[in-house]
Amino acid sequence: MVTIDQELCIGCGICAKDCPGHAIVVKEGKAQVIHSCIQCGHCVAVCPVRAAAIPEYDMEDVEEYDPETFRLSPETFLHAVKFRRSIRNFKEKPLEKEKLERIIDAGRYTATAKNAQASTFVVVQEKLAEFKTIFWEELPSVLKTLQEVAPAYVRPFRLFYEKWKRNPQDDTFFFNAPCFLLTAAENPLDGGLAAANMENQAVAEGAGALYSGYLMRAVSASPRLREWLEIGDKPVACCMLLGYPAVSYRRTAPRKKADAIWK
Ligand SMILES: Cc1cc2nc3c(=O)[nH]c(=O)nc-3n(C[C@H](O)[C@H](O)[C@H](O)COP(=O)(O)O)c2cc1C
């Protein structure tokens, strides 16, 4: 439940006005919570005197808005979107822990339907060699499963497997990236939106990412890999490879015209 510190509250009603669930009213000059809500935290974010709180969350985590830090111009943002590239050539260097933590923060602060915040993020860097060993051991049984559920993947996966067996450096699943990041989510859009923000944060950290639909297919089809990743029955929303790019791009890649309808 949201709480309102009655001593601090000045009864301005801004929280009540911005509450999407109409869970707050102002009575006798003070904001009052009248029913439970999705805990979106708008009341906490909007209150001029820090009177609103959600005790279930770590309130120490709440940051004050700082216009100096938040100075992302529309041009800079679009530039970042345009110059982001899928990375398939990585340096060996692992990602620093604090960078990975900020990348996960970009995921956990992303909007989720009904504010469910139910995505699980699995970062595999220290134990990536172990994960890859199990992955390649599992691939033959993944192929059997895919034959039933998604036969179109069988031929390319077999080719990747044969290439990797000839030369383990020739790895079309992991591209020798130093880090693997999986997002599991009941709502695929929640997971996908978080993944997009995490990729952009990775770019801002000087790193880069590759979304891997192939890894997503393979992991989803392997109970052993899912167990190792500790995701239970949660659907895999996104698999990403992360690391520092060993390639520099000099210009944007061309794109089709926007299929946009203006009315
Ligand atoms: C959902 C999704 C799955 C993808 N899966 C793979 C993949 O399995 N292997 C791969 O090499 N690239 C994969 N990609 C990368 C796309 O091929 C890439 O985004 C596209 O070619 C455009 O290049 P860019 O990302 O550099 O703009 C995937 C991208 C998305 C969005």
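Numbers for residues simply follow the sequence, beginning at 1. When a ligand or atom number is given, it counts from 1 through the structure's own listing order.
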Practice task
Answer yes if the ring centres of Y214 and F157 are under 6.0 angstrom apart, and no otherwise.
Solution key: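 Yes, ring centres under 6.0 Å apart.
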
Distance-only criterion, 3.5 Å: show the donor-acceptor pairs between side-chain atoms of residues 7-31 and protein atoms not counting sequence neighbours.
| from | atom 1 | to | atom 2 | distance (Å) |
| --- | --- | --- | --- | --- |
| D18 | OD2 | H42 | ND1 | 2.9 |
| K30 | NZ | Q6 | O | 2.9 |
| K30 | NZ | C9 | O | 2.8 |

Exercise for the section: Could you tell me whether K163 atom NZ has more than 12 heavy atoms of other residues or ligands within 6.0 Å of it? Expected result: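 Enclosed: over 12 neighbouring heavy atoms sit under 6.0 Å from NZ of K163.
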
Practice task
May I ask you to decide if the ring planes of F135 and F174 are parallel, tilted or perpendicular, using 30° and 60° as cut-offs?
Solution key: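 F135 vs F174 ring planes: perpendicular.
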
Problem - Whether W136 and F173 hold their rings parallel, tilted or perpendicular, with breakpoints at 30° and 60° - result: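 Answer is perpendicular, since the angle exceeds 60°.
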
Exercise for the section: For Q201 and Y109, test the side chains for any donor-to-acceptor distance below 3.5 angstrom and give the result as yes or no. Expected result: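 The criterion, which ignores hydrogens and geometry beyond distance, is not satisfied for Y109 and Q201.
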
Problem - Contact residues of ligand 1, where a non-hydrogen atom lies under 4.0 Å away - result: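 Shell around ligand 1 (4.0 Å, heavy atoms): R84, R85, S86, R88, F175, L210, Y211, S212, G213, Y214, R255.
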
